[in-house]
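Let me begin by presenting the structure, written as structure tokens, before commenting on it.
What's counted below: heavy atoms across the whole structure, side chains too, no hydrogens, waters or symmetry copies. Below, read A as the first sequence line, B as the second, and so on, with proteins coming before strands; counting in each chain starts at 1.
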There are 2 protein chains.
Amino acid sequence: MIPGRNAILRLSRYRNVLTRFKALGFVKVFSDYLADAVGVTSSQVRKDFSLFGISGKKRGGYQIDELLEKLSGILGKNEAQNVVLVGAGNLGSALLKYRGFGKEDIHIVAAFDADPSKQGRLLDIAVHPFTQVAAFVQEHGIKVAILAVPAEVAQGVAEQLVAAGIKGILNFAPVTLRIPQGVVVNSIDVAIELENVLYYVHALQGKEA
Amino acid sequence: MIPGRNAILRLSRYRNVLTRFKALGFVKVFSDYLADAVGVTSSQVRKDFSLFGISGKKRGGYQIDELLEKLSGILGKNEAQNVVLVGAGNLGSALLKYRGFGKEDIHIVAAFDADPSKQGRLLDIAVHPFTQVAAFVQEHGIKVAILAVPAEVAQGVAEQLVAAGIKGILNFAPVTLRIPQGVVVNSIDVAIELENVLYYVHALQGKEA
DNA sequence: TAGATTGTTAATCGATTAACAATC
DNA sequence: TAGATTGTTAATCGATTAACAATC
């Protein structure tokens with residue numbers, strides 16, 4: 001009964017949507033309404049909730065406040081979560097400037113880059129020499145890193161991070177990282193996602209036009 | 001027998017890995033070896049290939065050149081593919097500078113932003129006022145857009161793009177776009193992916209430590 | 001009460017994996 | 001030939017959906 005990755009991703013989406021509902025002044029939701037906002041079925045919503053022991057009222061739906069609290073408990077958003085960024089190139093520095101993380105109580109506390117010209121300070125966050133990453137990670141007990149380095153060095157850098165104690169990596173390099181069991185890797189490959197959109201556009205085009 | 005999204009994503013990964021193999025001087029691969037490099041099973045590789053009518057030699061594996069050609073044919077990489085970028089903020093401008101697309105023969109031919117301070121020229125690419133996007137898309141027959149605007153305006157902008165003739169969107173805004181059938185949307189939500197890594201790191205931590 | 005919505009079970013669906021006959 | 005690898009079928013697995021009894 002271990003919930004799959006997609007189930008967890010949906011919980012995050014529910015949470016996002018619910019904060020927006022709350023801001024709009026809503027107090028309760030029905031599975032049906034929430035499902036609509038996230039683009040899934042109401043069965044799916046109820047199933048997901050029941051999987052995590054979240055329950056509502058048979059006739060009255062779910063209290064948004066209560067729901068948010070439970071979801072945040074599950075997703076671990078009640079304590080601040082610190083991560084480091086490795087690679088402060090184009091993508092890396094864009095991620096440093098991205099304000100969407102703070103909303104989730106996730107903070108990039110430091111960045112690292114091998115290139116001296118990238119080092120210094122970007123916004124509020126220091127960009128250190130890459131050689132210091134292991135020491136920093138150990139000293140601050142950081143468990144998660146965002147990896148935004150060139151593809152050719154990604155595997156090597158990832159191995160160093162794991163050796164330093166990193167347990168989770170959000171990887172933007174377009175390679176499959178070979179990483180020991182027990183370390184979590186999520187990869188985002190922008191080029192492949194775009195390629196995928198193009199594929200389906202062409203495929204549908206051919207079919208319907 | 002319509003192959004799913006994940007199957008197509010895997011084709012792209014095979015293709016990426018194969019170009020690297022080729023650069024290394026390899027001429028043929030076995031399903032086993034390719035599987036390893038991409039992190040799937042060899043059954044999966046053979047299944048994917050057979051699904052798209054790609055075949056090898058019973059004892060001699062697959063010719064890399066032939067394979068690459070077939071994959072490129074399927075993924076539509078034999079003609080240049082032009083896309084526009086909407087939203088030239090942090091993430092948007094990082095994407096403009098990203099060189100990973102060119103490798104796949106995908107080109108961002110123009111960018112658009114409502115903020116005059118973002119307009120002008122970034123690298124080789126012009127950043128136009130957002131109001132011009134519809135005309136541009138129509139004139140150049142652009143079918144795919146990368147959407148990197150703030151969450152609050154994403155839905156509205158997406159609707160305008162669809163009205164202008166866009167058939168595919170790679171969406172970076174952290175919202176579920178409600179879009180008419182026949183338009184392809186892939187969403188990349190960086191915060192949710194990071195949240196997901198944190199979730200599993202905490203979950204495994206609790207279990208094993 | 002009648003009506004609506006949850007929570008859960010069972011059915012369906014699709015995707016992945018295993019296995020093995022064909023064959024190079 | 002013997003051995004190895006493909007291509008495909010069947011088995012498995014997991015995730016999604018449908019349906020409906022419980023109940024507010």
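- Not one N or O on the side chain of Q81(B) forms a donor-acceptor pair closer than 3.5 Å with the backbone of E195(A).
- Ring planes of H140(B) and F136(B): parallel class, angle under 30° (limits at 30 and 60°).
- The side chain of Y62(A) approaches dG7(C) more closely than any other nucleotide in the set dG7(C), dC24(C), dT8(D).
- Set against dT16(C), dT8(C), dT6(D), the side chain of S50(A) has dT8(C) as its closest nucleotide.
- If you check every strand for non-hydrogen atoms under 4.0 Å, G61(B) touches sugar and phosphate atoms only.
- Checked by atom type and distance alone, the side chain of D113(A) pairs as donor or acceptor with a backbone atom of A88(A) at under 3.5 Å.
- Close to dT16(C), at under 4.0 Å from its OP1 or OP2, lies no side-chain N or O of S43(B).
- Proximity note for N6(B) (side chain, C-beta onward) versus dT16(C), dT6(C), dT9(C): the nearest is dT16(C).
- Put simply, CZ on F52(B) is 13 Å from C1' on dA15(C), counting in whole angstrom units.
- dT23(C) is paired with dA4(D) under the criterion used here, namely a Watson-Crick or G-U wobble arrangement in which both key atom distances are under 3.5 Å.
- Defined by atom type and a distance below 3.5 Å, a donor-acceptor pair is missing between the side-chain atoms of R13(A) and T176(B).
- The side chain of T41(A) places an N or O atom within less than 4.0 Å of a non-bridging phosphate oxygen (OP1 or OP2) of dT17(D).
- Remark: the backbone N or O of N16(B) is paired with a side-chain donor or acceptor of T19(B) at under 3.5 angstrom.
- Considering only the side chain of Q44(B), dT16(C) comes nearest among dG7(D), dT6(C), dT16(C).
- Nearest-nucleotide positions on DNA chain D place R46(A) closer to the 5' end than the other of R46(A) and R59(A).
- The residue S42(A) sits apart from the nucleic acid: no heavy atom pair falls under 4.0 Å.
- For K58(B) against dT6(D), a side-chain-to-base donor-acceptor contact under 3.5 Å is present.
- Taking 4.0 angstrom as the limit, R10(B) places a side-chain polar atom (N or O) nearer than this to OP1 or OP2 of dT16(C).
- Counting to the nearest Å, the P atom of dT5(D) and the CG atom of D36(B) are 13 Å from each other.
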